[in-house]
Amino acid sequence: MLPTPSPFYYLAHFHQALDWLSLREGLLAPEDALWIARFRRQPQDAQALLIRLTMRSPAHFRISRLDYPEIDISLAVNTLTDLGWIAQDHLLTPSEAFHLLRKAELDALHGAQPTKQAHWSVMAGRSDQTFHQWARQHDCLTLTIRDQLDRLRLAFFGNLHQGWESFVLEELGITRFPKIEMDMSCGFEDQQEFESCWQAHQLFEQWEVVKSRRKVPRTLIAQAIALPNQGPTLRRLRSKLLASMARHAERQAHYSLALSLLNESSYEAARLRSIRCLEKGGQTEQAWRLALQTRCFYQADSERDSVFRMLPRLSKALGKTWPRISRHQPNGVEVFTELNGRPEPTAAQWLDRDGGISLFSENRLFTTLFTLHFWDVIYAPIPGAFFHPFQAAPADFQHPDFVSRRSELWSQGFEQLKTDAGRQILWNYHRQFGTTAWGVDWRLSAEHIELALHCISADHLSAIFQRILMGHRKGMPDLIRFFPAQKSYELVEVKGPGDALQPHQRQWMRYFDQYGIPNRVCWIRDLADAV
DNA sequence: CGCCCCCCCG
DNA sequence: TTCACACCATCCG
DNA sequence: GATGGTGTGTCTCGGGGGGGCGAC
Ligand SMILES: [Mn+2]
Ligand SMILES: [Mn+2]
């Protein structure tokens, strides 16, 4: 909780990251290393301003509105401009100009308007040249080197959704990531993988911009397909990108393009989309064959369930017969009550007249218990799993071999669950309280946890943990209702009028019934229908 | 003038 | 940096 | 019932400032 001593704390943090990077040779390209060396030679003011700007969201700034007392702004701006890392005569698009200029300035430029928003319709039509002139005459500053700094961010964090502010948040105790022995690994096998991941992120960014347009971006698609497919990180990124592109092609009825993209993607639902594309493209026979294959070699319950919904339709289209298979029917209760606000609290209140204690937790309770019980497994210092100090989960958490690489530890954990009656969970709850960890919601009180452990048997916990471990996290029922006197509980999915069970919710309920875990659906009906 | 939204700061 | 969920529209048997 | 499209909350904290905007 000590205040950060230096006014240049953020620059010190960035240097820590640079030191981290320089210890991992062969990760960055030679040009990156040269850039870093050049950065290190610059005066402190220039370094500091550059880092300040990269930690802010826009690309364009007004120099007069930069308020950093620790920095000699004009010295820094001159240095950075000479280096070409920022520009003062950058072309502004109308949208950028709209955000950068204040209403009074727009009034002066284009005549007064009642609101700033009213300027937009005028500006959208103007040529960029207007604002280019304006930018040159005023104190606009554009950060032109964000890509270089983003590369370093990707190299350090292994992703682009964390930023340099992680350092200060941790230092101030706002976040508290698990303290795990780090090794000298990083998020990437080698420079090749890093480079490809960087490229994949770039393509994703371009795709996000382009995909709203109607035209099919052939070159972008070709580049995405050409991405190498080595290593789980890159495979995931590439598969996601290709699946997103395929979905777009499918919506525009470009089925053969969609199919070739899906064929390259190992995204979870890729095969299902392929079947739909074949079906919609008139290749019913092929769709049927792929569906039959998928029925036997499915990867997840969701894939199996979907294909069982498709097969009757496809069979019928081909004049074949398909046996009617009755679907699992979860238990339900109808509640007639007036509904104002969210249905879950209403249902909880209504149901609790039987003395139960409801908690509206969805996935949160069980993922919390899961991580607390398996803390030492999840945060085991496996080689390559932890490499920077701000990880809420091991780097291979999403990888296919996450479980098998720790199989001994998992079975020990499940063994321990049989005998220790939640001691592990409570111990970690108190020992780790507040630590940023995957799945853990610290708003759950110790009483909640104790109540859960009192009411839920170890067998049930174990069954639920098994399924979470297989990668199923979505779709847990809205409410858990405790009956401490009976040492029992039930899980309730609340459905308002006009809502229906989602596939993932059905799967959980089917699973609960297999293991004797009490569950039901609470259907809230309109009071008027009761009469 | 008060409110709200967005963004920044540490 | 999405993702999980609710809600709604459409078509079908 | 199947399918798919859209909307919504949340984006690790809590405090504060700038600016837009409508009410008075
Ligand atoms: Mn829910
Ligand atoms: Mn619900």
Side-chain angles (χ1 to χ4, degrees), chain A residues 1-10 12-13 52-53 55-58 61-62 65-70 98-107 113-120 157 159-177 201 204-205 208 237 240 244 247 250-251 268-269 272-273 275-276 279-280 305-314 316-317 324 327 342-344 360 362-364 367 390-393 434-443 472-478 493-506 524:
Chain A
M1 294 293 177
L2 292 172
T4 305
S6 158
F8 291 101
Y9 67 93
Y10 51 92
H13 293 152
R52 280 287 198 191
L53 296 182
M55 291 173 70
R56 294 178 55 173
S57 50
F61 305 88
R62 302 292 293 275
R65 270 187 266 164
L66 296 176
D67 181 22
Y68 299 119
E70 78 278 14
F98 178 75
H99 290 292
L100 200 56
L101 274 69
R102 281 185 289 217
K103 179 174 180 299
E105 291 169 326
L106 287 174
D107 284 343
Q113 294 280 352
T115 65
K116 189 182 184 191
Q117 200 58 42
H119 277 289
W120 178 240
F157 290 104
N159 62 60
L160 281 175
H161 58 262
Q162 288 176 285
W164 308 121
E165 74 284 358
S166 304
F167 285 85
V168 72
L169 291 177
E170 186 75 7
E171 217 164 78
L172 292 168
I174 291 167
T175 56
R176 270 173 34 223
F177 283 92
H201 276 107
F204 237 118
E205 217 173 276
E208 287 300 321
L237 258 178
K240 231 170 118 177
S244 169
R247 193 84 177 114
E250 183 190 340
R251 289 200 176 116
E268 194 188 86
L272 292 172
R273 295 321 319 164
I275 298 172
R276 286 294 286 144
E279 187 186 4
K280 287 193 275 187
D305 284 6
S306 300
V307 94
F308 268 101
R309 285 200 304 270
M310 293 169 159
L311 272 167
R313 186 178 66 237
L314 291 168
K316 197 186 162 210
R324 179 153 170 70
R327 213 163 51 154
R342 298 203 58 172
E344 294 89 352
F360 179 17
E362 289 181 330
N363 303 315
R364 297 197 320 272
T367 53
F390 315 109
Q391 290 182 241
T435 303
T436 308
W438 179 87
V440 178
D441 185 347
W442 294 111
R443 287 170 301 185
H472 298 103
R473 301 189 286 268
K474 320 186 269 192
M476 293 275 270
D478 294 317
E493 172 55 39
V494 180
K495 286 295 164 198
D499 194 8
L501 283 173
Q502 293 173 35
H504 286 103
Q505 296 171 333
R506 287 187 175 280
I524 296 187

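Each chain gets a letter, A, B and so on, in the order the sequences are listed, and its residues count up from 1.
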Undergrad: Which parts of nucleotides 1-13 of chain C does protein reach within less than 4.0 Å, heavy atoms only, written one letter per nucleotide 5' to 3' as B for base, S for sugar-phosphate only and - for none?
TA: BSSSSBS------
Undergrad: Tell me the interatomic distance from A/Leu169, atom CG, to D/dG15, atom C1', rounded to whole angstroms.
TA: 14 Å
Undergrad: Where does the angle between the aromatic ring planes of A/His13 and A/Tyr9 fall among parallel (under 30°), tilted (30 to 60°) and perpendicular (over 60°)?
TA: perpendicular
Undergrad: Any side-chain N or O of A/Arg327 below 4.0 angstrom from OP1/OP2 of D/dA2?
TA: yes
Undergrad: Assuming nearest nucleotide by heavy-atom distance, tell me which of A/Arg247 and A/Thr436 is located more 5' along DNA chain D.
TA: A/Arg247
Undergrad: Using a cut-off of strictly less than 4.0 Å, decide whether A/Arg251 has a side-chain nitrogen or oxygen near OP1 or OP2 of D/dT3.
TA: no
Undergrad: Would you say B/dC8 has OP1 or OP2 under 4.0 Å from some side-chain N or O of A/Arg52?
TA: no
Undergrad: Hey, can you tell me if A/Phe157 and A/Phe390 have their rings parallel, tilted or perpendicular (30° and 60° cut-offs)?
TA: tilted
Undergrad: Taking 4.0 Å as the cut-off, does a side-chain nitrogen or oxygen of A/Arg313 come that near to OP1 or OP2 on D/dG1?
TA: no
Undergrad: Between A/Arg102 and D/dG18, is there a side-chain N or O to OP1/OP2 distance below 4.0 Å?
TA: no
Undergrad: Does A/Glu362 use its side chain to pair, donor to acceptor, with the backbone of A/Asp478 at less than 3.5 Å?
TA: no
Undergrad: Looking only at heavy atoms, what is the nearest atom pair of A/Leu237 and A/Phe204, with distance?
TA: O-CE1, 3.8 Å
Undergrad: Whether A/Arg364 contacts D/dT10 is assessed here as follows: a side-chain N or O lying under 4.0 Å from the phosphate OP1 or OP2. Is that the case?
TA: no
Undergrad: Hey, does the side chain of A/Ser57 come within less than 4.0 Å of B/dC8's phosphate (OP1/OP2), counting only N and O?
TA: yes
Undergrad: Just name whichever nucleotide pairs with B/dC4, Watson-Crick or G-U, keeping both distances under 3.5 Å, else none.
TA: D/dG19
Undergrad: OP1 or OP2 of B/dG10 sitting under 4.0 Å from any side-chain N/O of A/Tyr9?
TA: yes
Undergrad: Could you tell me whether the side chain of A/Thr435 and the main chain of A/Ala437 form a donor-acceptor pair under 3.5 Å?
TA: no
Undergrad: Should the pair A/Glu250-A/Arg276 be classified as a salt bridge under the 4.0 Å nitrogen-to-oxygen rule?
TA: no
